[in-house]
Number of protein chains: 2
Amino acid sequence: MGVAERKAKEKEELRALILNAAKDLFAEKGIDQTTIRSIAKEIEYSVGTVYLYFKDKNQILHELHSEGFLKLAKEMRTLFHVSDPMERLKALGRTYMSFALENTQMYDLMFNMRAPMEFVKEQEEQNWHEGSNAFDALRNTVKECMDQGYFKGHSLQPLSFTIWSCVHGMCSLYIRERVKGATGQDPEKLLYDAFEDFLLMLVKR
Amino acid sequence: MGVAERKAKEKEELRALILNAAKDLFAEKGIDQTTIRSIAKEIEYSVGTVYLYFKDKNQILHELHSEGFLKLAKEMRTLFHVSDPMERLKALGRTYMSFALENTQMYDLMFNMRAPMEFVKEQEEQNWHEGSNAFDALRNTVKECMDQGYFKGHSLQPLSFTIWSCVHGMCSLYIRERVKGATGQDPEKLLYDAFEDFLLMLVKR
DNA sequence: CAAATTTAGTGAACATTGTTCAAAATATCA
DNA sequence: TGATATTTTGAACAATGTTCACTAAATTTG
């Protein structure tokens, strides 16, 4: 079907156009400043059109959050070749933190904002694939470390969550602007130092 | 001045009435659902009146955030009698986490929301007293631990920040509903286990 | 005490948001 | 070409934060 096929492609293209406009806008102006109207204006369509392709704003934010996870996974995948699990774990942390610092709006959307989770809740299978896949990847690496004798006396699941929490906490405090005010230090520098400090803590047997 | 005095008191009372209504409303309905109109309705005054006592919504949220810090500080102060610094550090962490779990909206306001920080930014002395006092208290205890031989090879400032980040990360992931979806586990239980796991990690010399 | 002045409070109105939907424009097909 | 189906539009709605001309009350003054 030549026509139907082309139409489907065009629909996909407009959908992608909306998503890209949204992504650009909120990397530029921030998520809060990115309105449906501003997206519509950017692509030179009307507000109504956006709602033909997306149920609501939550869906748009959810799709962008998924894109964020794809990007993060891609960056993490380059570390699979590191055979020493502890080295890989450290590298994962570093990559995670760099991602957060270089894509603050995206990170915020993925791990702090309510919108994408609201969308997940509305789905029949209320499964947060993106989150559980990411956590699985972390846990697998932690498991390998444990098999090599690291983390004696710890349990896999809580330990993995603790590691995630620690790095997330740093990134989150940074993105939500609590670091400078509380510590009086240059945030980027402190985050870097604290991360190294954390690695030191991890590596103790 | 009898009259001026009474007036000042009445002003203070209405101010407090507004703040209390706001606090009740958002512990009950959540911060996002607490509008200026709902506050005005609650105290049976008009919207305009609220704006006679507060510059804007950010100011209301900032004052409540300060109240939150007072409450947290109060709970922490009960631990000053613990003389062993490492025991005190652990207890501080436990208290911090309990506070977050029992006052989720308040915690979110204090450490995640943008509004109170926007207000701080607008002040001439852009100092986040609440945050720096809290961090100082933590750092002092960490310092005492180091003096007792804990945390060899670590530096005070980054280590203190790491500890804060870790506990904050757990609380934040919980409050922003990322825990269940990513780990597939009961969030409260995991938070509890992970915190114990973290203490284990801290205590290694 | 009555008038003038100051202070406190009101709520309609505005701008901005997400969202909807009847109508218009465009594309497809017979 | 004309009928039908699809796509797009943008005015309109509800909810929100915010403002401000007005009213009401309290206080001061002569």
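Where A:Asn58 and B:Leu14 each meet DNA chain C at their nearest nucleotide, the meeting point lying more 5' is that of B:Leu14. Between A:Arg37 and A:Thr49, the one whose closest nucleotide on DNA chain C sits nearer the 5' end is A:Arg37.
Atoms NZ (A:Lys41) and P (C:dT16) sit 11 Å apart, rounded to a whole Å. Computed from coordinates, the B:Gln59 CD to D:dT18 P distance equals 11 Å when rounded to whole Å. To the nearest angstrom, P of D:dT7 lies 21 Å from CD of A:Glu44. Atom CG of B:Leu17 and atom P of C:dA8 are 16 Å apart (whole Å). Rounded to whole Å, the distance from NZ on B:Lys11 to P on D:dT27 is 14 Å. What separates CG of A:Asp32 from C1' of D:dT16 is a distance of 15 Å, to the nearest Å. The interatomic distance linking A:Lys57 (NZ) with D:dT16 (P) rounds to 15 Å, in whole Å. As rounded to whole Å, 13 Å separates atom C1' of C:dA22 from atom CG of A:Leu52.
Here the nucleotide nearest the side chain of B:Asp56, chosen from C:dG18, C:dG11, D:dT18, is D:dT18.
When the side-chain nitrogen and oxygen atoms of A:Tyr51 are compared with OP1 and OP2 of C:dT20, none of them lie within a distance under 4.0 Å. Residue A:Tyr53 places no side-chain N or O under 4.0 Å from the OP1 or OP2 atom of D:dT7.
Residue pairs meeting the salt bridge (Lys or Arg N to Asp or Glu O under 4.0 Å) criterion with at least one partner in residues 37-54 of chain A, sequence neighbours excluded, are absent.
Checking each of A:Glu67, A:Glu28, A:Glu63 against A:Lys23 for a salt bridge (Lys or Arg N to Asp or Glu O under 4.0 Å) leaves exactly one that passes, namely A:Glu67. In summary, of the residues considered (B:Phe119, B:Phe69, B:Phe54), a ring-ring contact (aromatic ring centres under 6.0 Å, His included) with B:His62 occurs for B:Phe119 alone.
In this structure, A:Phe54 reaches neither bases nor backbone, as no heavy-atom distance under 4.0 Å exists between it and the strands shown.
Side-chain contact of B:Thr95 with B:Ser98: a donor-acceptor pair under 3.5 Å is absent, judged by distance alone. Checking B:Glu188 against B:Tyr174 by side-chain atom types alone, a donor-acceptor pair falls below 3.5 Å.
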